[in-house]
Amino acid sequence: MNYRNLHAWDVSATRAVEIQKELRSLIELTPLTDVELVAGADLAFPDAKHGVAAIVVLNISTMRVVEQVIVHETVNFPYVPGLLAFREGPVFLKAWQQLRVLPDVVMFDGQGIAHPRRLGIASHMGLFLDLPTIGVAKSHLYGSFIEPPNVQGSYTFLYDNNEVIGAVVRTKVGNKPLFVSPGHKCDVLSALKLTLRCCTKHRLPEPTRLAHELTQKYKHVGLFG
DNA sequence: GCGACAG
DNA sequence: ATCTTGTCGC
């Protein structure tokens, strides 16, 4: 699977929804194995027409940064709940091209299969990259659940009728839980396990948290700094 | 018709 | 996401 064969980004919202329906069957929910390099991606928007994307790669054993890249690009697609990949995907992929190492899995700031059409940004990008991906959202989009206990590491499952599509995880006491769901080539438990392993001392997992940190600095320095 | 709605 | 100061809590 290569992203060049999937579709173009410059499409209407209606077409975007059709594309998601066409791609959902391609998602593979297989267990995650032999993970060493974990990447985290995040986006920021300095103004209405530009987006900044950062990717930070960590060695899961040492939790040290192996590589990080950051790029900026003009954005056209507006933010529409359910169509996040069409707004952030292009900038993310530009950053991805700058990466020298190949991560074993990528964590995104958004949903995986916990999406109306099972194609959150993590799932969509997973197909483009043909790599395992995980969606780690800071808030709810789709699925039913009960609030997990206010205890570090506790979690409940996210359901779509009787199907488990993700987990609601309390990574930090007193804070809102995270909505974790597999994107591609990963299953719910693998996504849950890796996410908890990356949440060392903050609510967000290190990969995504560090990428966000980078993106914010870059945004304040300016597009040319 | 009404409420929900990743970033 | 972004605009923004002080402020409550561990």
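So that the names make sense, note that chain A is the first sequence line, chain B the second, and so on, each numbered from 1.
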Sequence neighbours left out, what pairs pass ring-ring contact (aromatic ring centres under 6.0 Å, His included) with at least one residue falling in residues 167-187 of chain A? A/H140-A/F179, A/F145-A/F179

What residue pairs, at least two apart or across chains, pass salt bridge (charged side-chain N to carboxylate O under 4.0 Å, His left out) with a residue in residues 186-197 of chain A? none

Identify all pairs in which a protein N or O lies below 3.5 Å from an N or O of nucleotides 6-10 of chain C, and state each distance.
none

Considering every strand and a 4.0 Å limit on heavy-atom distances, what is the contact class for A/G82: base, sugar-phosphate, or nothing? base

What pairs of nitrogen or oxygen atoms, one from the protein and one from nucleotides 1-5 of chain C, lie under 3.5 Å apart?
from	atom 1	to	atom 2	distance (Å)
C/dA1	OP2	A/K138	NZ	2.9
C/dT2	OP1	A/F45	N	3.2
C/dT2	OP1	A/K219	NZ	3.3

Side-chain donor-acceptor pairs under 3.5 Å in residues 98-108 of chain A, sequence neighbours left out?
from	atom 1	to	atom 2	distance (Å)
A/D104	OD2	A/E36	N	2.9
A/D104	OD2	A/L37	N	2.8

Contact list for DNA chain B against residues 177-201 of chain A - heavy-atom distance below 4.0 Å: none

Is there any side-chain hydrogen bond (donor to acceptor under 3.5 Å, both in side chains) pair reaching into residues 109-123 of chain A, and which pairs are they, with sequence neighbours excluded? A/Q20-A/R117, A/D109-A/K138, A/R118-A/D160, A/R118-A/E163

Would you sketch DNA chain C in dot-bracket for me? Only Watson-Crick or G-U wobble pairs with both distances under 3.5 Å count, crossing pairs as [ ], other-strand pairs as |, the rest as dots. ..........

Return each pair, listed once, that meets salt bridge (charged side-chain N to carboxylate O under 4.0 Å, His left out) where at least one residue sits in residues 205-214 of chain A; pairs must be two or more places apart or across chains. A/E206-A/R209, A/R209-A/E213

Is a salt bridge present between A/R15 and A/E18, judged by a nitrogen-to-oxygen distance below 4.0 Å? no

For DNA chain B, find the residues of residues 139-163 of chain A with a heavy-atom distance under 4.0 Å and give them by number; none if there aren't any. A/S139, A/H140, A/L141

Atom CE of A/M125 and atom C1' of B/dG7: how far apart are they, to the nearest Å? 14 Å

Taking ring pair (Phe, Tyr, Trp, His ring centres under 6.0 Å) as the test, write out the residues that go with A/Y142, two or more places apart. none

Verify the distance criterion only: is there a donor paired with an acceptor across the side chains of A/Q216 and A/K219 at less than 3.5 Å? yes

All heavy atoms of A/I60 vs all of A/V35, minimum pair found to be CG2-O, 3.3 Å

Using 30° and 60° as the class limits, which term best fits the ring planes of A/F157 and A/Y159: parallel, tilted or perpendicular? perpendicular

Just how far, in rounded Å, is P of B/dG7 from NE2 of A/H115? 13 Å

Could you grab the distance from atom CD1 of A/I55 to atom CD of A/Q97, nearest 0.5 Å is fine? 10.0 Å

Correct closest heavy-atom pair for A/C198 and A/P207 would be CB-CD, 3.9 Å

Whole angstrom value for the distance that separates P of B/dA6 from CD of A/Q20: 14 Å

Let me check I have this right: for DNA chain B, each base becomes ., (, ), [, ] or |, based on Watson-Crick or G-U pairs with both distances under 3.5 Å. What is the full string? .......

Using the ring of each side chain (for Trp, its six-membered ring), is A/F86 parallel, tilted or perpendicular to A/W9, with breaks at 30° and 60°? perpendicular

With no hydrogens and no angle check, is any side-chain donor or acceptor of A/K94 less than 3.5 Å from a backbone partner on A/H72? yes

Spacing of CG belonging to A/L204 relative to OG1 belonging to A/T171, to within rounding of 0.5 Å: 7.0 Å

